[in-house]
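A short write-up of the structure that comes next.
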Amino acid sequence: MKNLTEAKTTKRLGIFANTYGGQYIPETLMTELEKVDHAFHTLKDDPDFQAELHDLLINYANRPSLLYYAKNMTEDLGGAKIYLKREDLNHTGAHKINNVIGQALLAKHLGKKRLIAKTGAGQHGVATATIAALFGMECEIFMGKEDTDRQKLNFYRMELLGAKVHPVTTGSMVLKDAINATLQEWASRSEGTFYVMGSAVGPYPFPEMVKYFQSVISKESKQQLKAKENTLPDMVVACVGGGSNAIGSFADYIDDQNVKLVGVEAAGKGVDSDQTAATIERGSVGIFHGMKSLFLQNEDGQINPVYSISAGLDYPGVGPEHATLAKEGRAQYVGITDDEAVQAFEYIAREEGIVAAIESCHAVAYVEKIAPTMSKDQIIVCTLSGRGDKDVASIAKYKGVDIDE
Amino acid sequence: MKNLTEAKTTKRLGIFANTYGGQYIPETLMTELEKVDHAFHTLKDDPDFQAELHDLLINYANRPSLLYYAKNMTEDLGGAKIYLKREDLNHTGAHKINNVIGQALLAKHLGKKRLIAKTGAGQHGVATATIAALFGMECEIFMGKEDTDRQKLNFYRMELLGAKVHPVTTGSMVLKDAINATLQEWASRSEGTFYVMGSAVGPYPFPEMVKYFQSVISKESKQQLKAKENTLPDMVVACVGGGSNAIGSFADYIDDQNVKLVGVEAAGKGVDSDQTAATIERGSVGIFHGMKSLFLQNEDGQINPVYSISAGLDYPGVGPEHATLAKEGRAQYVGITDDEAVQAFEYIAREEGIVAAIESCHAVAYVEKIAPTMSKDQIIVCTLSGRGDKDVASIAKYKGVDIDE
Amino acid sequence: MSNLSAIFKNHKAFIPFVVADDPDFDTTVANIVALAEGGADIVEVGIPFSDPIADGGVIQAADLRAFDAGVRTQTVFEIVAAARKQTDVPIVFLTYLNIVFKYGYDAFCQKCQALGVSGLVIPDMPYESRDDIVPTADKYGIDIIPLIAPTSGHRVEKIAKAASGFIYVVSSLGITGERNEFFNGLKDLVAEIKSYTDVPTAIGFGVHTPEQAKDMAEIADGVIIGSAIVDIVAQKKQAAPEAVEAFTKSIRSAVDEAQEARV
Amino acid sequence: MSNLSAIFKNHKAFIPFVVADDPDFDTTVANIVALAEGGADIVEVGIPFSDPIADGGVIQAADLRAFDAGVRTQTVFEIVAAARKQTDVPIVFLTYLNIVFKYGYDAFCQKCQALGVSGLVIPDMPYESRDDIVPTADKYGIDIIPLIAPTSGHRVEKIAKAASGFIYVVSSLGITGERNEFFNGLKDLVAEIKSYTDVPTAIGFGVHTPEQAKDMAEIADGVIIGSAIVDIVAQKKQAAPEAVEAFTKSIRSAVDEAQEARV
Ligand SMILES: Cc1ncc(COP(=O)(O)O)c(C=O)c1O
Ligand SMILES: Cc1ncc(COP(=O)(O)O)c(C=O)c1O
């Protein structure tokens with residue numbers, strides 16, 4: 001193993017299209033960030049690292065994930081042929097595992113013995129705790145006290161996997177406070193500790209790194225579709241929270257100009273309402289959480305509260321590469337409301353026997369709208385970022401069904 | 001498609017070792033059973049049916065399931081090399097899907113438009129509802145009212161998948177009453193309806209049929225282990241409720257006399273306690289639910305209440321082929337208590353980052369005991385029949401953690 | 001072979017059913033006697049089973065009452081022995097196969113013979129499994145009463161041809177319990193059975209009014225009434241025998257009307 | 001470039017911090033004046049931010065109080081303008097970059113100039129991103145005060161060499177908030193900085209007692225105190241200015257002792 005821990009001077013990094021991205025975090029963390037950057041760029045092309053990563057993706061994450069022809073939906077919608085990229089079939093049930101495997105492997109090569117992460121509803125926390133268990137690493141997860149109270153099950157699940165979960169009691173005790181607490185922990189104990197980023201957000205190199213680890217989604221889907229249909233898709237659709245599954249779903253198609261890329265944001269109660277998470281449509285340029293990107297904020301630059309029925313999509317920002325793709329018109333971003341997503345949750349269950357994550361159902365809802373407007377010889381690849389077992393209770397409640405487990 | 005609905009006279013069928021199995025159900029259902037038998041035997045070797053089944057197993061169930069080398073467990077236990085056959089990675093999260101796909105396909109070929117099934121905790125009901133959704137069939141699930149109240153989430157999940165769930169209010173309103181209600185429904189409307197059996201139990205041809213559809217587990221594991229280790233396993237371990245995952249895990253090895261087969265039953269509070277489901281160890285020969293096999297019963301032949309922490313294992317009988325394998329000494333059956341299974345639930349989560357079904361953790365607990373007594377050049381293949389997300393809340397409660405989602 | 005078949009000779013038979021030990025020992029004994037007094041040709045005594053898959057809610061509930069009373073297989077034999085002191089009405093047991101299996105086929109049949117029990121109705125034992133017990137039953141002169149259902153189709157012939165005692169013709173699909181509609185091909189079904197055998201037929205499952213009993217007795221050689229009587233026991237408890245006898249009489253005359261109608 | 005550096009000439013500087021509009025407009029104005037009266041060399045005024053990732057609980061809570069008071073960026077400017085009527089103490093803003101970005105770098109810096117605000121401390125803008133704003137700040141003579149942390153390592157040189165105004169030396173890892181232990185290589189760190197630049201240094205993050213202030217002022221050219229003062233505001237609310245002034249005086253003399261110790 002090379003000497004990876006040596007930090008070296010870096011130039012201005014991670015700026016997309018002269019605008020988005022960059023590094024906007026406290027000086028205390030910059031040296032650590034440089035080390036991560038250096039390690040990532042050294043290792044990503046290292047054959048040993050590649051082999052190890054590949055092995056974990058195949059033999060732990062259960063990749064390649066299925067490219068599933070949704071015959072019933074296709075016939076029912078009567079337009080484009082619909083393929084679903086089934087990240088819900090990964091071990092732990094979502095695309096998140098691709099990324100945490102990559103970052104944890106990097107941490108291992110950096111000689112780190114401890115992973116830390118923040119989590120909102122708990123999905124990223126569970127994924128991080130999972131990989132820490134596999135690697136025999138310590139794991140500490142920061143979660144707002146409000147969230148640990150609401151999500152006791154995920155709290156216990158992380159502890160079951162051997163992680164220490166810290167309920168954060170500062171501020172409003174939710175995700176943003178957990179982020180603060182994690183950064184504080186990272187800043188005060190970066191030696192030996194790796195901060196596992198949960199989406200394609202944050203300061204460089206995180207957006208690039210998370211994209212790299214999630215690109216396996218589009219690399220596979222391209223090959224798989226080639227094998228099945230001997231062509232490229234006409235459209236790729238994925239939901240966008242921070243943007244990791246979407247950027248991973250787009251990555252290998254970005255240079256294929258004929259492939260339309262559509263990111264689906266959570267519009268909550270409506271793109272134009274105050275209760276939304278449609279960052280690209282409703283947000284404006286800002287600098288936050290380490291990056292320049294689009295954020296839901298007021299005219300003073302104060303970050304707005306966000307809302308979506310889906311815990312995984314209610315983030316006030318978006319990864320800088322999505323902001324860039326939107327600006328350049330390479331990808332299109334659309335909003336889907338809570339109501340539409342819930343309808344899609346029911347639709348795909350009934351049509352295909354798939355209980356998909358409510359996050360992913362935002363993408364499905366868009367497919368329901370767009371597929372009928374397309375011709376039968378066109379093809380949509382829609383990423384199902386995760387499975388929906390975690391959502392069944394809350395959707396039942398949303399529909400007024402009384403569930404008290 | 002051949003004319004499959006024509007029933008023809010059958011001889012004495014499905015008797016193992018001159019003892020177990022057979023057909024012990026009301027005359028009302030016999031003609032239907034003959035049709036199922038005939039269809040199954042006609043189709044199972046039909047290349048079109050085979051091709052369709054294969055396609056569904058690959059492209060819907062997400063097979064082949066991973067044969068996972070459990071390095072951490074192997075090293076920690078310090079004996080035999082442990083491989084886990086990962087049925088938890090199937091679509092819907094358990095081995096059940098293999099079987100319902102097969103039976104539903106049979107139903108389709110028989111021209112049936114409606115699937116019915118009984119369910120206890122809801123696992124088999126959800127699997128059946130899933131495949132009914134995919135095939136666009138009607139689906140009715142019978143579930144004791146006590147169980148629908150306890151398992152509201154699975155109740156809603158089945159309805160989400162488009163099934164009609166009937167809470168059964170007769171008798172003690174649990175699984176046995178649901179079985180009665182389903183048989184009644186089948187008896188009164190067998191025309192157009194297929195009864196989907198949930199395990200390798202019941203009258204012939206169900207045990208043979210379920211075994212056939214679940215054999216994919218051992219067919220795959222044999223090939224996969226051959227590819228990885230170029231040898232047969234020394235031992236195959238699987239949990240036994242009705243016995244479908246176990247018989248599927250054993251099937252392809254039964255003729256390989258050097259492969260030890262171990263079925264793990266739920267001993268509940270202890271094999272010798274009254275709160276147990278260890279049918280083979282504690283049961284005696286009887287005739288029930290359509291078959292001659294081993295049952296937990298009193299000396300008059302009244303069926304005993306059973307108990308296990310695991311909803312999927314608390315069945316008072318066992319499939320007739322297991323009774324036979326036990327009698328002949330070809331397979332060995334051991335009991336694992338609630339406490340041991342819960343410990344294994346935690347153990348495998350911490351060691352491998354896998355949250356496995358509490359049913360499957362009975363098998364894992366046995367592996368924990370036996371592996372250290374074996375040599376390092378020996379190999380165990382243990383089937384993880386399902387994932388444990390469904391169990392996290394109840395295990396937390398068992399451990400005294402307060403979870404109210 | 002028993003003398004069951006002979007009962008149906010030029011006589012429409014009425015076969016009522018009670019569950020043993022429901023609600024207690026003495027009441028069951030008294031009920032059997034009352035049935036005999038009321039004019040039953042054969043009394044069918046149900047041995048309670050933990051999981052009566054062919055039975056509806058009424059009989060399930062009766063089984064539970066019997067278990068509450070502590071019923072064992074041995075208790076059922078004792079009830080019949082006690083009844084035998086007051087009546088020699090022909091008796092058959094309705095029992096799920098496991099009860100017989102666990103007692104031992106030979107011991108069970110021997111016991112039946114000793115108690116003057118002529119036959120066994122075993123709802124979960126189809127034609128395919130009859131060889132398990134028929135040779136043993138034959139040895140003790142016990143008839144295994146087969147069931148034929150509206151769905152039996154091509155199976156009718158072989159079942160009918162192998163039958164002895166009488167043939168239990170299932171009136172409709174599903175399980176026991178009171179019904180207001182029956183399979184409308186019953187007449188043809190009975191005719192088909194008759195084409196294969198002289199063994200008499202009795203229709204049961206859901207019959208509960210005198211009118212229905214008369215209708216069924218017109219079609220077949222006899223009629224079986226279960227849930228309706230068990231329901232009386234459920235209502236009246238220890239006071240049941242009187243009501244049971246009254247009900248039996250009402251059915252008896254309905255059945256007799258069918259007899260006269262035919263004559 | 002501002003005249004901030006000059007303040008440190010032969011003088012240990014004390015730089016206290018308050019959050020604008022906590023708990024209200026007038027109190028903040030009075031606090032700024034009290035700090036000046038108490039002997040502050042530079043007053044650091046915090047512009048509240050919705051998500052102050054570098055700040056601990058004390059300052060987060062102050063931000064929330066300011067939002068409750070309805071603070072806007074414009075309000076902060078008005079507070080400074082009001083304070084300017086009573087004091088010409090040097091002022092710097094502590095602000096997260098997004099506040100400045102949204103206002104517009106040019107407009108913001110111009111405003112600072114107009115208000116006599118000499119510098120900006122931006123905790124989420126590292127060296128790599130300074131070019132976003134430095135050219136604009138230079139245009140208006142505003143210093144962008146860089147931070148150097150115990151973890152800065154090889155970065156110290158480039159940060160120090162590019163610095164103007166003063167250098168904010170972070171006393172320890174983590175976020176703001178009162179601390180009892182500091183990074184024990186602070187002396188070496190300051191010495192290293194000095195080897196690259198003449199720009200003065202001030203140590204902050206967690207300093208809260210006169211003794212600590214004296215210790216830090218012996219190491220560096222100045223000391224910054226934030227949470228301790230914000231805490232007084234939290235306790236005393238509208239009555240804070242008097243207590244703030246008293247506390248400032250106690251720190252002032254502790255810092256002056258360090259000054260004397262060195263001379
Ligand atoms: C299933 C699922 N899909 C999507 C997301 C959104 O994240 P991202 O936009 O990073 O893919 C999440 C986040 O928790 C998730 O759990
Ligand atoms: C995950 C899992 N494993 C095992 C079983 C036991 O069934 P069988 O013995 O038929 O495999 C069940 C039944 O519900 C189950 O859900």
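Since this is a predicted model, take the numbers as computed values, not measurements. Throughout, a chain's letter reflects where its sequence line sits, starting with A, and its residues are numbered from 1.
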Counting heavy atoms not belonging to A:Lys164, are there more than 12 under 6.0 Å from its NZ?
yes
About how many Å separate CD of D:Gln60 and CG of A:Asn180, when rounded to the nearest 0.5 Å?
5.0 Å
Against chain A, residues from residues 99-109 of chain D with at least one heavy atom under 4.5 Å, in numeric order, are D:Ile99, D:Phe101, D:Lys102, D:Tyr105
Distance, nearest 0.5 Å, that separates CD1 of D:Ile122 from CD1 of A:Ile287:
9.0 Å
Atom pair CZ/OG of A:Phe295 and D:Ser50 - distance to nearest 0.5 Å:
10.5 Å
With sequence neighbours left out, what residues match A:Tyr333 under ring pair (Phe, Tyr, Trp, His ring centres under 6.0 Å)?
A:His322
Heavy-atom cut-off 4.5 Å, strictly under: side chain, backbone, both or neither for D:Phe67 against chain A?
side chain
4.5 Å side-chain heavy-atom contact, D:Thr151 and A:Glu32:
no
Look at atom CD of A:Glu191 and say whether more than 12 heavy atoms of other residues, nucleotides or ligands are closer to it than 6.0 Å.
no
What residue, out of A:Ile303, A:Asn304, A:Leu29, A:Ile179, has the most heavy-atom pairs lying under 4.5 Å from chain D?
A:Ile303
Side-chain touch D:Glu128/A:Tyr24, heavy atoms, less than 4.5 angstrom:
no
Non-neighbouring partners of A:Phe194 that pass ring pair (Phe, Tyr, Trp, His ring centres under 6.0 Å), sequence neighbours left out
none
How long is the straight-line distance from CG of D:Asp51 back to CG of A:Leu175, given to the nearest 0.5 Å?
9.5 Å
Can you find a heavy atom in the side chain of A:Glu299 that is under 4.5 Å from one in the side chain of D:Arg72?
yes
Please classify the contact between D:Ile47 and chain A as side chain, backbone, both or neither, with a heavy-atom cut-off of under 4.5 Å.
neither
Between D:Ala149, D:Pro146, D:Ala61, who has the most heavy-atom pairs with chain A when the cutoff is under 4.5 Å?
D:Ala149
Are more than 12 heavy atoms, taken from residues, nucleotides or ligands other than A:Asn298, located less than 6.0 Å from that residue's CG atom?
yes
Exercise: identify the closest heavy-atom pair between A:Gln302 and D:Pro48:
NE2-O, 3.0 Å
With heavy-atom distances below 4.5 Å as the criterion, would you say the side chains of D:Met125 and A:Ile25 are in contact?
no
Separation between CD (A:Glu27) and OG (D:Ser152), nearest 0.5 Å, reads 3.5 Å
Find the distance between CD (A:Gln23) and CG (D:Asp124) and round it off to the nearest 0.5 Å.
13.0 Å
Quick check: do D:Ile53 and A:Pro26 have side-chain heavy atoms less than 4.5 Å from each other?
yes
Which residues share a ring pair (Phe, Tyr, Trp, His ring centres under 6.0 Å) with A:His124, sequence neighbours left out
none
Contacting region of A:Glu185 [heavy-atom separation from chain D under 4.5 Å]:
neither
